[in-house]
Each structure stands twice: as structure tokens, then as C-alpha cells.
Amino acid sequence: MAGVRALGSLSRLTTRRYNLTMFPARTHVNYEIKGDVAVIRMNDPSARVNTLSVQMQREMTEVMDEVWGNSAVQSVVLISSKPGSFIAGADLNMIQACTTAEEVTLLSQEGQKMFEKIEKSPKPIVAAINGSCLGGGFEFAIACQYRIATKSKKTVLGCPEVMLGLLPGAGGTQRLPKMLGLPSAFDVVLTGRSIRPDKAKKMGLVHQLVDTLGPGLKSPEERTIEYLEEVAVEAARGLAKKQIPLTKEKGLMQKIQDYVMSYPFVRQQIYNTVQKKVMKQTKGLYPAPLKIIECVKAGLEQGPTAGYLAESQNFGKLAMTPESKALIGLYHGQVTCKKNRFGTPEKEVKALAVLGAGLMGAGIAQVSVDKGIHTILKDTTLEGLSRGEQQVYKGLNDKTKKKSITTFERDSFLSNLTGQLDYNGFNKADMVIEAVFEDLSIKHKVLKEVEAVIPPHCIFATNTSALPIKDIAAVSKRPEKVIGMHYFSPVDKMQLLEIITTDKTSKDTTASAVAVGLKQGKVIIVVGDGPGFYTTRCLAPMLAEAVRVLQEGVDPKKLDSLTTGFGFPVGAATLADEVGIDVAAHVAEDLGKAFGSRFGGGNIEFLKSMVDKGFKGRKSGKGCYIYQPGLKRRDVNTEALEILESYKLTPNAAISSDSDIQYRLVSRFVNEAVLCLQEGILANPVEGDIGAVFGLGFPPCLGGPFRFVDSFGADKLVEKMRKFEEVFGNQFTPCQLLLDHAKDPSKKFHK
Amino acid sequence: MLTTNQSSYDLFCFILQRSKKEKCTFHFHNTTVNIFVAKSKKTLAKPGVKNIVLVDGVRTPFLQSGTIYADLMPHDLARAALQGLLNRTGLPKDAVDYIVYGTVIQEVKTSNVAREAALGAGFSDKTPAHTVTMACISSNQAMTTAVGLIAAGQCDAVVAGGVEFMSDVPIRHSRRMRKTMLSLNKAKTLGARLSLLGSIRLAHLAPELPAVAEFSTAETMGHSADRLAAAFGVSRLEQDEFALRSHTLAKKAQDSGLLSDVISFKVPGKDIVSKDNGIRPSTMEQMAKLKPAFIKPHGTVTAANSSFLTDGASAVLIMSEEKALAMGYKPKAYLRDFVYVSQDPKDQLLLGPTYATPKVLEKSGLTLNDIDVFEFHEAFAGQIMANLKAMESDWFAQTYMGRKTKVGAPPMEKFNSWGGSLSLGHPFAATGCRLVTTVAHRLQKEGGQYGLVAACAAGGQGHAMVIEAYPQ
């Protein structure tokens with residue numbers, strides 16, 4: 001017996017060695033033949049997710065050729081061994097390594113060819129999808145004959161290329177319109193949104209859904225993949241034996257839609273509508289959506305050859321655009337800012353207390369309770385508390401309406417929330433975040449009160465947008481436990497969290513704050529202490545400039561269109577209303593004191609007059625605009641214009657063209673950002689870009705202030721600023737670091 | 001060469017260590033070997049603790065819902081079971097201290113069905129009664145409530161039972177409609193009434209149907225059972241085989257008159273019913289033809305390997321041993337230790353027996369080998385097979401139950417040998433008493449000492465109880 005066993009293992013050993021010497025070992029793709037079905041398994045050993053890297057593609061081609069050549073195989077199952085990832089997309093590095101559009105076009109054509117072979121496979125191929133099936137992975141899947149997806153929360157389908165300034169370059173723009181019809185295909189490709197499995201089934205993107213499994217004789221993840229494979233193998237057999245039909249009988253609606261779409265003028269109408277919509281939303285600043293429309297149109301109107309050619313060529317062109325590079329840069333930056341560079345904190349924050357149940361406080365509570373953090377929400381009045389708790393409830397309840405959580409999950413999340421007026425239970429808190437009124441004396445009072453009741457390990461975080469943390473920490477008995485956590489409103493929607501450390505803040509405190517922020521789903525930048533930190537400090541000069549522009553007689557609507565025309569998602573006047581005119585006045589005054597005339601520009605008195613009149617922005621119903629509940633249309637607040645009248649300035653014609661105004665606004669923002677890096681407030685340009693884009697809406701197509709300097713040219717920017725400096729003085733004096741970059745064009749913030 | 005599987009091997013070692021021998025049956029391949037095996041404990045009686053006994057138990061025939069019972073109300077069925085118990089035991093109606101009854105789907109008119117049924121069955125109106133609900137273990141809860149009342153010295157004789165009536169379930173108006181109708185009551189003027197009536201839309205008239213679904217997850221039980229079977233790799237074939245076994249054994253038990261807990265019941269307007277009508281032994285071929293009922297197209301749970309919607313009621317008489325003896329009864333069994341467990345209602349909805357079995361065994365100081373008779377509630381064949389596999393897995397015990405080793409799966413020849421819920425039927429709240437009475441009867445018939453009841457229930461809950469034969 002033992003002898004036989006030894007021989008067996010010996011023979012296994014020799015076969016393996018034989019394999020090694022004869023063929024280069026395959027590390028990413030392998031396959032197993034189960035009866036008449038070949039099960040191809042993908043697993044990139046070096047990464048958390050599978051990507052269509054060069055290696056993966058090469059091995060896949062080899063394996064497919066073997067499978068096609070094997071007469072014993074009747075059908076194929078394509079599956080990933082990685083829980084949570086089918087194929088997350090093409091390998092971005094592969095695209096970034098290319099230096100010309102032609103190279104990228106070639107990549108696209110290789111992908112197109114490979115998927116064409118898959119599409120025309122004589123042996124049916126079943127894509128068994130568990131986890132992310134995005135971009136190139138999604139295009140791979142839709143080239144297969146049949147798709148089965150798990151209902152896992154991690155399973156998402158879609159083509160997010162457009163968000164990276166690209167297009168689905170491996171047949172996606174050609175196959176989707178045929179599969180889904182023109183309107184749905186445009187929706188999927190142009191928005192780049194992730195499609196959940198149930199929705200994908202309804203749309204006809206996948207044929208069959210498989211449930212995720214719970215505990216069994218193996219881990220749920222492992223067994224779910226196994227189960228998916230079992231179901232897929234059965235389906236593959238059914239397809240090969242023609243027991244499962246490949247084409248589904250079309251529904252009535254589908255038939256009507258197809259009929260309508262058969263008229264060229266209907267299609268033309270759709271192209272026009274979509275084009276208009278895209279132009280309205282992107283202001284023409286993003287080339288990718290327009291190119292996508294072009295590719296779809298080429299395919300449908302001139303046939304597949306033209307369509308595929310347009311797709312590959314446009315893919316190449318887009319990859320070379322600064323917009324795409326900016327967006328890819330942001331993508332990488334976001335990934336970086338989703339990691340904790342301060343390590344694992346000593347103690348995990350399980351119990352949190354939030355002081356102040358206002359918009360901010362309640363928002364912070366909401367994003368904490370749904371991550372399983374026990375949260376005390378404390379306010380000083382019952383009315384305030386009730387409003388705050390209602391906000392949390394509404395935030396979660398809205399999610400049940402969108403079906404992203406169930407009502408039961410909502411209830412169990414809410415069970416993590418305790419609303420109260422006293423400091424009961426603070427002795428068990430691991431972290432306290434205060435979100436009380438922005439007033440140093442109130443913050444001091446709160447800090448002292450809290451420190452009297454919290455345990456020694458508890459961190460005190462302060463949510464402020466401008467007050468220096470060291471000033472707040474001045475009254476603390478334990479300044480190493482004090483940190484700034486600057487959230488952005490509305491907290492449940494805005495992705496950014498700016499964490500501010502003083503020179504006394506301990507590394508563990510920082511690590512803990514970052515860990516909490518990450519748990520809350522935030523993208524995090526960690527900056528040094530100072531008036532306005534990073535984000536507020538960049539925004540303030542721009543808003544000061546915006547006020548000056550208004551004083552020069554530019555209508556708020558015009559100001560908004562100038563800023564959105566530059567790529568800001570929200571216009572400057574609207575932004576001021578959103579932030580709150582009172583807050584803006586407060587911040588402008590504080591920062592003006594700290595930084596002097598550099599932060600001048602518009603007259604603060606104008607803002608104060610607005611506040612005196614009660615025009616505090618959206619929250620008060622009136623600001624630059626008039627806000628009426630239920631009405632989307634906003635009219636300019638004529639009373640505000642009247643106030644402006646008394647602060648009127650005469651514009652200098654030499655620097656008041658539309659473009660000049662745009663650069664006046666942007667250059668002050670960018671200069672301040674670069675100065676923050678120069679002064680060490682920012683640790684690196686990546687965080688600077690992420691903070692500006694995710695926190696302040698700096699144009700994503702420009703990739704953030706630092707990438708903007710790189711692509712626009714520091715010298716050109718300095719030149720513009722010098723022109724403005726002549727008129728306005730030091731507000732436009734470029735900082736040293738910017739000058740350094742202007743002098744030496746080889747200096748770049750991003751390599 | 002003789003090969004044994006691991007559990008028989010354990011059993012073998014176990015036998016060798018014991019001095020006092022008792023009868024035990026176990027199998028080497030197809031050969032049944034009777035050996036006298038020792039128990040870990042002679043009895044579970046504890047000094048200073050009251051012995052509580054099952055005097056007797058009865059049930060109405062379990063009928064597929066929508067058949068002969070269709071026109072009754074739940075308390076009618078419960079009445080039949082209670083009267084049957086009175087007849088069977090000859091119990092004076094005023095000797096009962098308390099009545100506890102279980103039910104799951106409530107008839108709103110008789111929300112305390114225990115009281116309505118007791119009054120209707122002619123019990124003294126001086127005997128209090130309350131209704132309990134705990135999904136499929138509702139009558140287990142009724143029985144253990146009775147045990148608690150007696151153990152606490154509050155009662156000496158308690159009737160427990162359960163009823164389920166699926167032929168008629170409450171179907172409600174939509175919430176919007178109910179709101180309008182309730183507001184109508186309060187509307188004072190004709191104008192107000194008319195405007196309320198005018199607010200009714202066609203969509204408001206759509207009724208709300210009850211579903212056998214978890215409130216917390218909105219998943220139907222069959223769907224969960226299918227996922228559970230898949231998680232444990234239980235094949236369609238295994239499930240069909242187990243279902244066929246259940247029906248075959250039930251048929252055999254019915255034909256040989258072993259189901260003596262069933263009483264005859266004259267249904268008003270219909271004939272006398274005296275047999276369960278859901279027992280339908282089929283063939284594997286026929287069962288294989290059925291399409292999956294919940295997960296389509298690749299699921300494995302079908303109508304044939306699931307328990308069906310059933311009408312039925314059951315009742316048991318539980319007493320302190322002294323009282324039973326004083327009244328001249330010969331009790332059937334001792335009701336010993338019991339446990340309730342609960343776990344994740346999504347992925348472990350039906351694993352109650354796996355969690356409850358080792359816990360109750362530990363509590364009574366027994367091992368699986370001490371148990372002569374197993375009666376597990378069969379919700380779905382896939383659920384039973386999954387539980388058996390979980391109990392047989394060290395990995396599962398260690399990973400999910402925090403136990404060092406598996407408890408082991410019950411040997412099939414001791415398991416549900418008179419059929420189970422799959423074949424006899426499963427009136428949710430009546431099944432528990434059937435399980436306990438069956439254990440008592442099987443212990444008497446087969447000559448064992450200890451029996452184990454285990455069941456799963458909606459909400460991810462479970463129950464197990466150890467029953468000891470009353471010396472004959």
C-alpha cells in the first residue's frame with residue numbers, strides 16, 4: 001500500500017517537472033477538464049484583483065487555444081478563483097506605459113481580436129461572475145455566450161472607463177448597443193455606473209443569478225465560488241447540448257423598441273439628444289463621452305468594421321489626452337488616500353461620541369452607525385437632538401428606498417445610535433468628535449467638559465473648517481490626543497475627510513483618526529495645522545476673488561457659468577450659498593487676520609451686510625440666489641444685488657475678460673495650494689490634488705491644482721499671475737515653489 | 001478486512017470501556033448487530049429536582065391544508081386535540097391547573113387560541129390558558145413552559161399543545177386602505193367621509209398576503225433551505241432519497257398502527273378522519289421530474305422534498321410524577337433537560353438542531369451514543385441533510401460553534417424511523433408535541449432509554465430536549 005502511494009506521488013512529481021521543462025509555467029490562468037466542460041480559472045497571484053494584464057492575456061490566449069483544440073471539450077466555463085473579483089478591468093499600467101496613441105490603439109485591437117474569437121467560439125463559453133466584473137473584464141464577459149453572476153454584494157458589472165477619460169476599448173461600444181438597445185447601452189457606457197446583479201439580470205446583461213452561500217463545510221466565500229462553478233458547468237453542458245437556448249424570445253416592449261430603432265431618423269434623434277445632454281453636463285470639457293457616442297454611431301450606422309476601427313482609434317486618442325491622465329491620476333490618488341499610512345492604531349474605535357447634532361454632527365453619526373460603530377449623538381437641546389436623529393433616520397431610510405439596504409438593516413444600524421443631552425456613557429467612548437459651533441470659546445468649553453468625563457485613551461477630534469487645532473488644543477490636558485477631523489457637508493455624500501495634526505498630536509492618535517475615517521468610507525488627506533489647514537485655505541482666496549468679481553458687476557449667474565465652464569461642478573456664487581455666507585464671512589475674516597492682505601480681494605463688509613440682512617445662503621432661503629422649497633429653478637436675489645451696488649468696483653478692462661476672470665479665480669486657488677506644499681501643510685501633491693477635487697470640487701478633468709500646474713505649465717501660470725499682480729498686488733504673487741517650477745520646466749509635481 | 005466508519009469505531013471503543021451493559025443496535029455495513037451497551041448515566045433524575053412526566057399525547061390527523069379541514073377554524077382543531085386528550089387520559093376537566101398552546105399564523109378573532117379552544121373543549125372556565133408563539137417550535141415552547149410551571153411548584157398538571165391551520169390565513173387590506181378605513185370611523189361629516197372614500201385608489205385594494213418568509217431578511221424559508229443545502233453540498237439525489245425514506249417509513253408506521261397518537265376526529269359536515277393524508281411514497285424517478293420550487297433553474301429543493309402546508313393540532317398532558325402517580329396514571333416518559341438556541345437568521349436559519357443537540361447533551365451529561373431514539377423536525381430534506389453534515393464536521397464545530405470537536409451525526413436507523421414532518425405533515429405549531437409523543441412511544445416500543453428531540457424554527461432559532469423512558 002505505502003509503496004503504491006509513494007510511487008503515485010513520485011509520478012506526480014515527475015509530471016510536474018516535465019511540465020516545467022517543456023512549457024513556461026502558467027501562473028495566472030489554468031484549467032481543468034470536468035467531463036466535457038473545460039473550467040478555466042483565473043488568478044493573478046501578485047494582486048488583490050484580477051486585471052487583464054499582458055501576462056493574463058497571453059496565458060488566456062494559450063489556454064483558449066488548447067481548449068478549442070481539445071476535441072473532448074464541448075463547452076467552457078470561465079471563472080475567477082479570487083473571491084470578490086472576476087476581472088476588475090484592464091491593467092492601467094499597461095495603458096500608461098504607452099507613449100503614443102498608436103500603441104494604445106494596438107492594445108485595443110488585440111483585445112478586440114481576442115474577444116471576437118471568444119464571441120465566435122464554436123464551443124459555448126459561460127462567464128461565471130463573482131465579484132467585480134468591470135471595464136475590460138466586463139467586455140470579456142459580454143463577449144461570452146452566457147453569463148451567470150452571484151448575488152454577492154461584491155458582484156458589480158459595468159464599464160467605468162468613461163470615469164477615467166477612456167472608453168470601453170475592447171468591443172464594449174459595439175456589443176452593448178446590440179445587447180441592450182441604444183438607450184440602455186448609452187446609459188451604461190456614458191455613466192460608467194456599477195450595475196448590481198439583480199439589475200443586470202433585469203437588463204438582460206446576465207442570464208442567471210446564483211445566491212451567495214453561508215457557512216457550510218467550507219468558508220462561505222470558497223464554497224460560493226465552488227457552487228457558482230457547479231451551476232456554471234451544468235449550464236455549459238446544457239448550452240452544448242442545446243437544452244438551454246442562447247437567444248431569448250424577445251418581449252413585446254423589446255420588439256417595439258427594436259422596430260422604432262430601425263428608423264435611422266429615430267437613431268439620429270437619440271444621438272442628438274444624448275450629445276446635447278453630454279455637452280450640457282460636461283461643458284465639453286471631457287472628450288470621452290463624445291468619443292463614445294461617435295464609436296456607437298459608427299458601429300450602428302457604418303457597420304462593425306468601421307465601428308471597431310473607430311473604437312480602437314478613439315481609445316488610443318483618449319489615452320493620450322490630459323483629461324484621461326488627470327482622471328487616472330485621481331483614481332490612483334484615491335486608492336492611495338484609502339490607505340492608512342500611519343499604521344494600525346493600538347485600540348480600535350468601537351464607541352464614538354459626537355457632540356452637536358447639527359448637519360455635520362448628525363452626518364458624522366450617520367456614516368458611523370451604518371459601519372457598526374456605537375455612536376452617542378449629544379446635543380444641548382431636545383429640538384436640536386430630535387432634528388439630528390431625524391436626519392440620521394432619513395439618511396438611512398432613503399437608502400432603503402433605493403434598495404441599497406433593507407429596512408431591517410436600517411433598524412439594526414439605528415440601534416447603534418444613542419441620542420442624549422448629557423455626558424452619560426462618555427466614560428466608555430474611544431473617540432469624541434465635536435461638531436459644535438465654530439467659536440473658539442465654545443470649543444474650549446466643550447473640550448474641558450469632555451476631558452472631565454472621558455477615559456484616558458479616548459481621542460478628542462474637533463470638526464472645524466478653519467480654527468487652528470493648536471488653539472483649540474491649548475486648553476487640553478492631553479494635547480497628544482487632540483486632532484482635527486474636517487468633514488465636508490453633506491457628510492454622507494462628500495467623500496473627503498481632511499485630518500489635521502498638530503505638532504503635539506501623537507502618531508497613534510492620527511492612525512486612529514484615519515482608521516475611523518476609512519471605516520466611515522472616506523478618502524483621507526492628512527495635513528498640518530494652520531489657519532484654514534489646506535482646503536479652507538485654498539478656497540478662501542478664490543471666494544475672496546469671486547466677491548471682488550461680483551463687486552465688479554458680474555452677475556452671480558455669469559460668475560457661476562464662468563466657474564462651471566472651467567470645470568468646477570458648482571459655480572462660485574452657488575458654492576458661497578452652499579457653504580453659507582456667514583461662514584464665508586467668518587472664515588474670510590479669520591484667515592484675513594492670519595494671512596494679511598494676500599487673502600484680500602472682495603470686501604468682507606459686503607458679506608457682513610448680506611448676513612445682517614439674513615442672506616446666509618441656502619440654509620436661510622436667500623443668499624446670492626433665492627431658494628424656495630420644492631422649486632428647482634433659482635432666481636438671483638435682487639436684494640443682494642442692491643447691497644452689491646453700494647460696494648461697486650470699476651473693473652480693469654485689461655484683466656476682466658471671461659478667461660481672465662477664470663484664471664484670477666483659479667490661480668489664487670492653485671497658488672495657495674502650492675504654498676501649502678511649500679510650507680509643509682501638505683505632505684505631498686497627491687493629497688493636495690485629492691483634497692481639492694474631492695473636497696472643493698476642483699475640476700476633475702484638470703486632476704487637481706498640482707496636476708493642473710504640471711499640464712498647464714508653471715511658467716504660463718506665473719505669467720498670468722504677474723499680469724494680475726500688477727493690478728491687485730500681492731494677492732497674485734506666485735509662491736516660491738511655483739516660481740521654481742516655472743524656472744525649470746523639468747520640475748513636475750507628478751512624475 | 002473489516003472497515004468501520006469513524007463513528008462506529010468510536011462506538012466500539014465506547015462499548016469496551018463500559019461494565020453495565022444495555023441493549024444497543026448498530027450497523028457494520030448491512031449487518032445489524034445488537035450489543036448491550038452501557039449508558040453514561042443510569043437516569044437523569046437529580047436529587048431535589050422534581051421529576052416531570054409526559055402522561056400522554058395525542059394529535060388530530062395531520063391533513064394537507066385545503067382538504068377536509070378547510071372549513072374549520074383553528075380553535076376547532078385545537079378543541080379536537082384537547083377533547084381527544086381528555087378522552088384518551090380520562091382526565092377530570094377540573095384537574096388541569098393551566099393550559100398553554102402554541103400557534104404561528106394567528107387567526108385574529110381567536111388571538112388567544114388556547115383560551116377559546118379550552119372553553120370550547122369543555123375545560124373548566126376556572127383554568128387559565130395562554131398562547132405562545134415561536135415559529136415551528138411553538139408547541140415545544142408550550143411544553144417547556146408547562147415544565148417550568150411544574151418545576152417552579154406553581155402547577156401540578158398542565159396541558160400543552162399547538163395548532164396550525166393553513167387552510168385559512170389572515171389576508172389583510174393594504175396599509176393605505178387600512179389607514180383610510182380607520183380614518184373613516186373618525187370622520188364626522190358626510191363630506192369628510194366622501195373625501196376619504198374618494199382618496200381610495202385601485203392600488204390600495206391589492207391585498208397583503210402572508211408569506212413563509214423571514215421578516216428580517218425577506219427570504220422565504222424554502223429559498224434559505226436551498227442555499228443551506230448548497231452550502232453543505234447536499235445533492236438533489238440525497239434530498240430526494242431522504243424524502244422518499246421519510247414517506248416510506250411513515251407509510252410503514254401508519255400501516256402497522258404505530259402512529260397511536262392520532263385520534264379520530266368527526267369533522268362537522270364531513271366524514272370521520274382518522275389518518276394523516278400527506279403520506280405519499282413515490283419513486284425516485286417521479287421525484288426527479290419535479291422542477292425546483294424556490295431557486296430556479298438550478299435549485300435542489302422541490303415540492304417533493306419539502307414539508308407541505310398542513311392543518312393539524314396536538315396536545316400533551318404534563319404532570320409532576322407524584323401527581324401523575326397519585327392520580328393513578330402510568331406516565332410514558334420523563335421530560336428532562338432542554339435548550340433553546342438561536343443563530344444568524346440569514347445563513348444559518350435552519351441549523352437549530354446542529355447547535356441545540358451538543359448543548360442539550362452536555363447539559364444532561366450524555367453523549368450522542370447514549371441516545372436510542374432521535375426525532376428531528378424535518379422542515380426540508382435538504383435542511384436535515386445539511387444538519388447531519390454540520391454535526392458530522394469538526395471544521396464546522398470549531399469554526400462556527402466554538403467547540404473542540406463535532407458532536408457527530410445520529411445513526412440513521414435510530415433517526416425518525418416512523419416518518420417525519422416531510423411525510424406526516426408539518427402544522428407549524430403542532431409538530432413539537434408530535435415529536436415528543438413519538439419519542440415516548442418509540443422508547444416504549446423499541447425498548448430504549450433516552451430519546452432526543454431537535455427542531456429548527458424561523459428566526460434562526462432551535463430547540464432540543466432529552467426524554468427519558470419511564471420504567472416499564
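No hydrogens, no waters, no symmetry mates; every other heavy atom, side chains included, goes into these values. Below, read A as the first sequence line, B as the second, and so on, with proteins coming before strands; counting in each chain starts at 1.
At a 4.5 Å heavy-atom cutoff, the contact between B:Tyr400 and chain A is made by side-chain atoms alone. In this structure, chain B has no heavy atom under 4.5 Å from any part of A:Glu234.
A side-chain donor-acceptor contact under 3.5 Å links A:Thr155 and A:Thr150. Side chain to side chain, A:Gln520 and A:Ser368 meet the donor-acceptor criterion of an N or O pair below 3.5 Å. With hydrogens and angles left out, the side-chain atoms of B:Glu378 and B:Ser246 include a donor and acceptor closer than 3.5 Å. Under the 3.5 Å distance criterion, with hydrogens and angles disregarded, a donor-acceptor pair is assigned to the side chains of B:Thr354 and B:Asn387.
Ranked by heavy-atom pairs shorter than 4.5 Å toward chain B, the options A:Arg223, A:Lys218, A:Glu230, A:Glu226 are led by A:Arg223. Heavy-atom pairs under 4.5 Å with chain A peak, among B:Ala218, B:Ser224, B:Pro297, at B:Pro297.
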